[in-house]
Amino acid sequence: MSSILTLSDVNSYYGKSHILFGISLEVKESEVVVLLGRNGVGKTTTLKTIMGLVPKITGKILFKDGIDLLKIPPYKKAKLGIGYVPDHGGIFPNLTVYQNMKISIKQSQSKSESTQIFELKDVFNLFPQLEHMTNRLAGTLSGGERRMLGIARGLLLNPELLIIDEPSEGLAPNIVQDIIEVIKKIRSSGVSVLVADQNLPFVEKIADRVYVIDKGEIKMSGELSELSREELEMFLTF
Amino acid sequence: MDLNAIAFQLILGIASAMLYWIVSSGLTFTFGVTRVLNFAHGAFYMLGAYFTLSFFALTQNYLLSLFLGAVIVALIGAGCERGLISRIYGLPIPFQLILTFGLVLLFDDLVRIFWGSVPKMMPAQFIGSINVFGRILPVFSLYLIFAGVAIALVLYFLLSKTDWGVEIRAITVDPETAMCSGLNPAFLYATAFMFGSFLAGLGGGLYLPISSASPGMGEHIIIYAFIVTVIGGLGSIKGAFVSALIIGIIESLGALFVPWMTIALPYIALSAVLLVRPEGIFGEE
């Protein structure tokens, strides 16, 4: 499998605060990679760094066959093939569900037909609930529905890499189960997924590989079966 | 008190309100999208009046001159946004006020250089009047009301039914998510600023048939536009419409009931709203 995303020795800064220290990770084609760690250890900053939303970044971030993401502004990354679902859902609460999705659809219309894996009907197959609420304001959706709409928006960009921040956070167990099934389907469609999360039972059901992050550094990485459960739990408890 | 007199004053008040609305809609729209408090909005209003005058001298067609004047102001606004304003996005408000006030001084002096310091009147337009409630109402007041309502409808259509409007609303509420969805912030901010400047220019041109153009005329209207914008809630288009109606009507009825304090009424209304609801009627906390 060839690499879709490679971070090499990446450092991030907010003003004078040094947040990420030499992060290196790789996401390969059609795999689900999870960045695992507690709150406040640098998971979201890592994802924002990949999207170019952090003021100062050093190191190398390469997409597919060597595209330097540090030279590309955030708004061009969607067209390049990277979808991003932030931890607060990635929706626009003042727009209807359909208007939210249409913004993504418009962006992917310029892509070639061969890369158009997800159309509206495919997204409604994954999230049947959304089909009946297209005219509702996104701000009136429940937490689970918002999360689904955020992922739907990301998929409608027809990305080759979908980045999802904390998809299981604050959701009821049945909704988390739905999200697990959706992530599995996304992987089977050939899209690579990078997830940041701290819910180990959830991560165990979706991850091909994990990177454990603590205090802005990668501490462990590999397939979950290769890693010590005790050590993993140590990194996830305060 | 004569009910006819009150009804007549109400119509005059609504006409004034529509001028306040047209100018403040551009100001609040620009602020809602870019988060920049644009003092130069008043200067764009002044430029709108002068360009409308100049185009009218060439074409003798008021509506065409009004449109062309507003288009030129929109282009000037876009130039200011790309060249100057875009450099202060995200900086504290004092930077915004210093830069945009600098633009006010610059445009005031440019107007003096190109059009002179003497106030300029447009040849009489819309001088007709009609009898309403036994009183003579300038027909231009009705045109102003029509223009205000038409602009409200156009704004509603643009923001709710066009891709551009939906994208503007998206980037207003969450710029990061909008960028990561492929929306180009530079394009959206520039076009939003351009549109806000267009509305300011339109306001200046609409003011001409009832008054004169003079350097510094923007400073007066910008104070009213800020009062309307703050009462309605910074960034709220709906708030600006309602607030403009409130200010126009209390000013107009004030002239009937308490003429000795008419000038103070908008400021009293502003103070009252700030005391009860500091974020404005439709503003968000």
Side-chain angles (χ1 to χ4, degrees), chain A residues 44 47-48 50-55 69 72-111 135 137-139 146 149-150 152-159 161-165, chain B residues 28-29 31-35 81-82 86-92 155-192 232-241 279-280 282-285:
Chain A
T44 297
L47 303 190
K48 286 191 165 191
I50 295 165
M51 293 309 294
L53 300 172
V54 174
L69 287 186
I72 294 172
Y75 76 91
K76 286 191 174 168
K77 287 175 183 162
K79 279 206 173 96
L80 200 63
I82 302 175
Y84 174 54
V85 186
D87 55 353
H88 57 271
I91 62 158
F92 304 107
N94 57 339
L95 304 182
T96 65
V97 168
Y98 179 69
Q99 285 172 331
N100 265 278
M101 294 197 283
K102 199 181 169 202
I103 287 177
S104 298
I105 294 169
K106 193 181 160 196
Q107 297 304 319
S108 70
Q109 275 169 347
S110 56
K111 292 182 176 174
N135 290 323
L137 268 185
R146 282 173 183 232
L149 176 58
R153 291 193 63 250
L155 289 174
L156 285 167
L157 289 169
N158 278 295
L161 169 66
L162 184 64
I163 298 173
I164 316 175
D165 197 0
Chain B
T28 205
F29 176 73
F31 176 81
V33 180
T34 65
R35 298 284 138 184
E81 193 277 341
R82 281 295 82 202
S86 60
R87 293 162 201 273
I88 56 162
Y89 287 147
L91 292 182
L155 262 173
Y156 171 78
F157 175 79
L158 277 177
L159 291 177
S160 59
K161 305 289 179 197
T162 67
D163 284 351
W164 177 77
V166 169
E167 288 168 8
I168 285 282
R169 285 163 61 207
I171 204 160
T172 299
V173 78
D174 189 342
E176 274 194 2
T177 298
M179 274 193 286
C180 293
S181 305
L183 302 185
N184 180 350
F187 171 76
L188 291 174
Y189 288 158
T191 50
L234 279 168
S236 167
I237 303 269
K238 183 168 57 177
F241 188 81
E279 65 275 19
F282 290 96
E284 288 171 8
E285 282 183 59

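Source: prediction; values computed, not measured. In what follows, every chain begins at residue 1, and chains take the letters A, B, ... in the order their sequences are listed. Every heavy atom of this structure was used, including side-chain atoms; hydrogens, water molecules and symmetry mates were not.
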Distance-only donor-acceptor pairs under 3.5 Å for side chains of residues 175-182 of chain B, two or more places apart:
unit_1, atom_1, unit_2, atom_2, d
B:Glu176, OE1, A:Lys48, NZ, 3.2
B:Thr177, OG1, A:His88, NE2, 3.4
B:Thr177, OG1, B:Asp174, OD1, 3.4
B:Thr177, OG1, B:Asp174, OD2, 2.7
B:Ser181, OG, A:Arg153, NH1, 3.4
B:Ser181, OG, A:Arg153, NH2, 2.7
B:Ser181, OG, B:Thr177, O, 2.7

> Above 12 or not: heavy atoms from other molecules or residues under 6.0 Å from OH of A:Tyr98?
Replying inline: no
> Which residue out of A:Ile103, A:Asn100, A:Thr96 racks up the most heavy-atom pairs below 4.5 Å with chain B?
Replying inline: A:Ile103
>> Distance check, rounded to the nearest 0.5 Å: A:Gln99 atom CD versus B:Glu167 atom CD?
In response: 11.0 Å
> What part of A:Pro86 is in contact with chain B, defined as an atom under 4.5 angstrom from a non-hydrogen atom: side chain, backbone, both or neither?
Replying inline: side chain
>> As an exercise, state the distance from CG of B:Leu183 to NZ of A:Lys106, rounded to the nearest 0.5 Å.
In response: 8.0 Å
>> Show every ring-ring contact (aromatic ring centres under 6.0 Å, His included) that has at least one partner inside residues 157-188 of chain B, sequence neighbours left out.
In response: B:Trp164-B:Phe195
>> With a 4.5 angstrom heavy-atom cut-off, is it the side chain or the backbone of B:Ser160 that approaches chain A, or both, or neither?
In response: backbone
> Within the side chain of A:Asn94, is there an N or O that forms a donor-acceptor pair under 3.5 Å with the backbone of B:Val173?
Replying inline: no
> To the nearest 0.5 Å, how far apart are OH in A:Tyr75 and CG in B:Leu188?
Replying inline: 10.5 Å
> If we only count heavy atoms from C-beta on, is the B:Val166 to A:Lys102 side-chain gap below 4.5 Å?
Replying inline: no
